[in-house]
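Following: one structure in structure tokens, then a few remarks.
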There are 2 protein chains.
Amino acid sequence: MPERVDKFAARRAELAAATLRTLAELGYARTSLREIAQNSEFSHGVLHYYFQDKVDLITHCVREYKAVCVTRYDQVVATAATPDELRQGFLDKLAQTLVDEAHMHRLWYDLRNQSMFEESFRADVAAIDASLERMVWRVVSRFAELAGARLQVTPGVMYALFDGLFQQALLRRLAGDPGAADDLRAAVTAVVAQVVVLDREPALG
Amino acid sequence: MPERVDKFAARRAELAAATLRTLAELGYARTSLREIAQNSEFSHGVLHYYFQDKVDLITHCVREYKAVCVTRYDQVVATAATPDELRQGFLDKLAQTLVDEAHMHRLWYDLRNQSMFEESFRADVAAIDASLERMVWRVVSRFAELAGARLQVTPGVMYALFDGLFQQALLRRLAGDPGAADDLRAAVTAVVAQVVVLDREPALG
DNA sequence: CAGGTTTCTTGACGACTGTCAAGACTTTCT
DNA sequence: AGAAAGTCTTGACAGTCGTCAAGAAACCTG
């Protein structure tokens, strides 16, 4: 039994990977099951053997996607010993993933947007969004700790700010703007400078 | 001739309105020409009489959408005489449009996301994004002027921050969260407090 | 090797898509 | 009035879609 279920799970993961590739390439609106199958080594019928229907398939993919994303900066957070080291490491990874995984990021925004229309995605998307928020908060709060500073905004606001900056950078990047990554670094740096305030130095009177 | 072209333009606008209604309701992925026609008083064939194809139709709608959005806060900016008045008026309109026009906003995010996949939308979407950026900047720079304060971020960064906050609020609002609007007001207020700094009072040492 | 189970392919179904041409209806013009 | 131009409907086309059932192929177990 355990071997059977492992093989079954492995196939599911294989097909999920093909689905994610296709979604990242074409977007949700133009991704079909036959196209997904062509991006795998199987035929289109097998998808209904491993997944109940299209929503089940995509939901499963979104959940897998979560695990990958959420740990992106954990290494940096764990090893950085100074605020500068943490900021540099974070900005490096941020700029790198903007460039290297642009297609996956646009997929995430696509699916998050679908959840505004399709009730069925809403719960999973909200859970991932919350995970990303915690991820950002881990980075920023650790930075404040190392810098001996206080944070002037809540985790939710912090995440929204970073997400807005990243999304704008992604739009520019996908439009071919070569300065997108550098500008993102500068923007994040500037915003952090406003929002992270040294102890005993309140921002506004 | 001028009457003819007016009538033609009026029909185009009428069909464009039906298209926007449909897109706001179903999202880009599930909007078909027949569905659009059913939301108008005409049959599906007429769309190809007034528009070249589906992309032409949607592009035209996106351009019309722009004109509506971009002037949302102009009145408030023009009439507000104090920083508090401007902030109150801006926050009121912001919270109101979040609730009243949630469907149109999710459509905008949907189309902006499509531009990450479809080259054909990219130029129009980028133009609208730039207009929105200028709109935000008109509000914020006027606020700084009234308050005798300096802005610590660029227009692009400012817009990205506001957009990120608004998008998170929209997600929560569409998920049924009744506190989304109030939290958006609080978040924007908090961020502005960090980013708008009184003259001769630099933010960080 | 035979028998049964799991896995995968094939082909079909009804429904839906964008597009377009043929023609009917309406309006305008002479 | 009739002719012409503009407007709109209808129905069809070639595709594509998600889904599923029938059966082939591969695999494991006896």
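Chain letters run A, B, ... following the sequence lines, proteins first, then strands; residues in each count from 1.
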- Message: In whole Å, I'd like the distance from the CZ atom of A/R30 to the P atom of D/dG15.
- Response: 19 Å
- Query: Whole Å only: how far is the CZ atom of B/F8 from the C1' atom of C/dT28?
  - Reply: 17 Å
- Query: With respect to the side chain of B/Y50, which nucleotide from D/dT7, C/dT19, D/dC20 is positioned closest?
  - Reply: D/dT7
- Query: If you check every side-chain atom of B/Y49, which of C/dT9, D/dT7, D/dT10 has the closest atom?
  - Reply: D/dT7
- Mapping A/R34 and A/V46 to their closest nucleotides on DNA chain C, which lands nearer the 5' end? A/V46
- Task: Rounded to the nearest angstrom, tell me the gap between atom CZ in A/R12 and atom P in C/dT7.
- Result: 12 Å
- Applying salt bridge (charged side-chain N to carboxylate O under 4.0 Å, His left out), run through A/R87 and A/D84 and close with a yes or a no. CA-CA 5 Å; A/R87 184 178 51 208; A/D84 267 0; 2.6 Å; yes
- Query: Would A/K54 count as a cation-pi partner of A/Y28, with NZ or CZ less than 6.0 Å from the six-membered ring centre and within 45° of the ring normal?
  - Reply: yes
- Query: Is the Lys NZ or Arg CZ of B/K93 less than 6.0 Å from the centre of B/F166's six-membered ring, within 45° of the axis?
  - Reply: no
- Query: So, is B/S32 near the phosphate of C/dT17, with a side-chain N or O under 4.0 Å from OP1 or OP2?
  - Reply: yes
- Message: For C/dT10 and A/S43 - does any side-chain N or O of the residue sit under 4.0 Å from the phosphate oxygens OP1/OP2?
- Response: no
- Base, sugar-phosphate, or nothing for A/S40, non-hydrogen atoms under 4.0 angstrom? nothing
- Can you check the A/H44 NE2 to D/dC17 C1' distance for me, whole Å? 11 Å
- Task: Can you tell me the distance, in whole Å, between the CZ atom of A/F51 and the C1' atom of D/dC20?
- Result: 17 Å
- Consider the side chain of B/K54, meaning its heavy atoms from C-beta on, and name the nucleotide among C/dT7, C/dG18, D/dT9 that approaches it most closely. C/dG18
- Message: Output the rounded distance in Å from CG (B/D53) to C1' (C/dC20).
- Response: 12 Å
- Write down the distance between CZ (A/F42) and P (C/dT10), rounded to a whole number of angstrom. 13 Å
- Say whether A/D129 and B/Q168, considering side chains only, have a donor N or O and an acceptor N or O under 3.5 Å apart. yes
